[in-house]
Undergrad: 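Sending over a structure as structure tokens; questions will come in a sec.
The sequence lines fix the lettering, A, B, ..., with proteins before strands; numbering per chain opens at 1.
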2 protein chains.
Amino acid sequence: MVPDLEKLDTITLEKPAKVKKIRLTQKAIVAAAATLFAHNGFGATSLEDIAGELGVTKGALYYHVKNKEEILRLIFMTVLTVSEEPLRRIVEAEIPPAEKLRRAIEHHTAVAADRSPAMTVFYREQPHLTGPFAREIVLRKKAYERYFEQIVEEGIKSGDFRPDLDPKIVTFGLLGMCNWLSQWYKPNGQYSQQQIATMFANLLQNGLTYP
Amino acid sequence: MVPDLEKLDTITLEKPAKVKKIRLTQKAIVAAAATLFAHNGFGATSLEDIAGELGVTKGALYYHVKNKEEILRLIFMTVLTVSEEPLRRIVEAEIPPAEKLRRAIEHHTAVAADRSPAMTVFYREQPHLTGPFAREIVLRKKAYERYFEQIVEEGIKSGDFRPDLDPKIVTFGLLGMCNWLSQWYKPNGQYSQQQIATMFANLLQNGLTYP
DNA sequence: TAAAAATTTGAACGATTGGTAGAATTCTAC
DNA sequence: GTAGAATTCTACCAATCGTTCAAATTTTTA
């Protein structure tokens with residue numbers, strides 16, 4: 001297996017997506033797999049597809065990765081590691097609930113837009129995880145949703161938000177809103193993710209109709 | 001000792017008593033497939049899985065269905081046929097935009113809740129469609145979204161909705177909200193789909209904060 | 001440069017896949 | 001009951017899957 005120093009690799013902003021020669025690393029495998037899984041699904045993507053995308057034979061993958069499911073596990077891990085910590089900091093910050101919600105939406109939108117393929121896989125291929133890791137994902141997913149609920153609850157308690165809406169439903173609603181980005185968002189589209197996040201926050205806080 | 005192996009074999013070969021005796025029809029195949037596709041994905045679901053769910057061998061499926069992709073096509077068709085026409089009627093009705101939006105949300109929420117497995121497949125397995133049908137789906141999907149955009153545009157023109165929100169973004173937002181139902185909605189949960197739809201419409205029209 | 005270590009290849013494996021065709025069975029109408 | 005149609009089963013195919021592993025190759029080290 002491979003030494004851990006790979007994880008300290010610099011983040012590659014540009015990706016020669018096609019059959020160019022990339023240095024084969026765990027990170028490169030995970031990135032390529034995320035794109036293919038997002039596009040064709042986990043079950044319909046073969047290891048040969050992934051290897052072909054990286055310009056190697058599928059046997060080479062097994063030097064960096066234990067098996068196919070580990071690739072999926074690593075995708076889930078990357079999503080969690082970029083999602084959880086920033087949200088936790090927002091929730092624990094000492095700012096008004098409305099501001100918390102705005103920042104939380106901005107954060108989640110940014111993750112959904114930046115990590116679009118991995119995010120798509122995250123919400124699509126959960127059933128293919130097995131063993132203890134599958135259970136861990138369920139818990140951390142719930143904990144993530146719980147953060148949003150907390151913000152809404154806090155806003156209701158402080159009198160900033162209306163109390164006639166169930167925080168759970170509101171959370172599901174806004175998460176659906178953001179997660180749906182992966183279905184339509186294009187990086188070179190009309191609006192930046194920041195602008196979209198602002199619109200979403202604006203829509204959720206003030207509504208569509210005039211006061 | 002060899003004989004024990006034989007005993008194990010006979011035990012293993014016994015029929016799994018999960019067999020439901022339903023009359024095999026195209027509709028039954030599509031329904032069973034939708035559930036399995038939604039749960040395990042199109043690529044990871046075999047025709048033997050579907051046949052087994054119906055208490056039949058996979059050969060029998062081919063009498064009612066041309067191939068695996070046709071099953072997928074039929075799932076898409078069922079979603080479209082229950083979605084499009086009612087929405088069209090709502091858009092063309094002579095009622096205020098706010099009322100239209102409320103009914104449209106109720107309609108789409110109901111579809112997402114009632115046809116949950118088929119709906120999940122609809123938004124998940126589109127890449128597995130090929131040929132002219134794939135292109136048709138893209139167009140009809142866009143037309144469906146366009147109906148929502150129309151409602152929002154109409155509301156802005158009439159002065160009922162705020163003009164500073166792009167109808168496209170609002171549409172993506174509310175569709176994401178509703179479609180996300182398939183990820184968490186349970187028919188026996190705390191709220192009925194009607195109640196959830198009301199909350200969504202309420203949230204979208206009036207917002208989270210007090211006026 | 002040569003030995004050692006790291007990485008990739010290429011072939012092979014057992015299992016499973018979607019799909020086919022003819023035999024076997026069940027159902028329907030007379 | 002029996003013929004004939006409708007339906008399902010059995011057996012098989014070629015392709016592809018994830019995975020393994022010794023050999024070949026490339027990279028690093030000395």
Undergrad: Rounding to a whole Å, what distance do you find between B/Leu72:CG and C/dG19:C1'?
TA: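 In whole Å, C/dG19 C1' lies 17 Å from B/Leu72 CG.
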Undergrad: Report the distance from atom OG1 of A/Thr78 to atom CZ of A/Phe122, rounding to the nearest 0.5 Å.
TA: 9.0 Å
Undergrad: State which of C/dT9, D/dT19, C/dG18 makes the closest approach to the side chain of B/Lys58.
TA: C/dG18
Undergrad: Hey, which sits more toward the 5' end of DNA chain D by its nearest nucleotide, A/Glu48 or A/Ala60?
TA: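 That would be A/Glu48.
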Undergrad: Should B/Arg88 and B/Glu84 count as an ion pair when the cut-off is N to O under 4.0 Å?
TA: no
Undergrad: Going by an N to O cut-off under 4.0 Å, is there a salt bridge joining B/Arg146 and B/Glu149?
TA: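 Salt bridge flag = yes for B/Glu149 with B/Arg146.
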Undergrad: Between the side chains of A/Glu99 and A/Arg103, is the shortest nitrogen-to-carboxylate-oxygen separation below 4.0 Å, so that they form an ion pair?
TA: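 So A/Arg103 pairs with A/Glu99 through a salt bridge.
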Undergrad: In whole angstroms, how far is the P atom of C/dG18 from the CG atom of B/Leu61?
TA: 10 Å
Undergrad: Can you give me the N/O atom pairs linking the protein to nucleotides 24-27 of chain C at distances under 3.5 Å, or say none if there are none?
TA:
none

Undergrad: Could you tell me whether A/Arg73 atom CZ has more than 12 heavy atoms of other residues or ligands within 6.0 Å of it?
TA: yes
Undergrad: Atom CG of A/Asn40 to atom P of D/dC17: distance rounded to whole Å?
TA: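 In whole Å, D/dC17 P and A/Asn40 CG are 11 Å from each other.
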Undergrad: D/dA15 C1' sits how many Å from A/Leu47 CG, rounded?
TA: 17 Å
Undergrad: For A/Arg124 versus A/Ala38, what's the shortest heavy-atom pair and its separation?
TA: NH1-O, 3.4 Å
Undergrad: Rounded to the nearest Å, what distance is computed from the CD atom of residue A/Glu70 to the P atom of nucleotide D/dT19?
TA: 11 Å
Undergrad: Counting side-chain heavy atoms from CB outward, which of C/dG19, D/dG18, C/dT7 is closest to A/Lys68?
TA: D/dG18
Undergrad: Roughly, in whole Å, what's the span from OH in A/Tyr63 to P in C/dA6?
TA: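 Spelled out: OH on A/Tyr63 to P on C/dA6 is 6 Å.
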Undergrad: Look at A/Ser46 and D/dC17 and indicate whether a side-chain polar atom (N or O) is within less than 4.0 Å of OP1 or OP2.
TA: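 Yes, because at least one side-chain N or O of A/Ser46 sits under 4.0 Å from OP1 or OP2 of D/dC17.
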Undergrad: Is it the case that more than 12 heavy atoms not belonging to A/Lys68 sit under 6.0 Å from its NZ atom?
TA: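 Yes, the 6.0 Å shell around NZ holds more than 12 heavy atoms from other groups.
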Undergrad: If you check every side-chain atom of A/Tyr62, which of D/dT19, C/dT9, C/dG18 has the closest atom?
TA: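 In terms of side-chain proximity for A/Tyr62, the closest of D/dT19, C/dT9, C/dG18 is D/dT19.
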Undergrad: Without decimals, in angstroms, what is the distance between A/Leu24 CG and D/dT26 C1'?
TA: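 It works out to 13 Å between those atoms.
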Undergrad: I need the CZ-C1' distance between A/Phe42 and D/dC17, as an integer number of Å.
TA: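 Spelled out: CZ on A/Phe42 to C1' on D/dC17 is 12 Å.
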Undergrad: Between C/dT8 and A/His64, is there an OP1 or OP2 to side-chain N/O distance shorter than 4.0 Å?
TA: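 Result: yes.
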Undergrad: Heavy atoms from C-beta onward define the side chain here; which of D/dT19, C/dT9, C/dG19 lies closest to that of A/Thr57?
TA: C/dT9
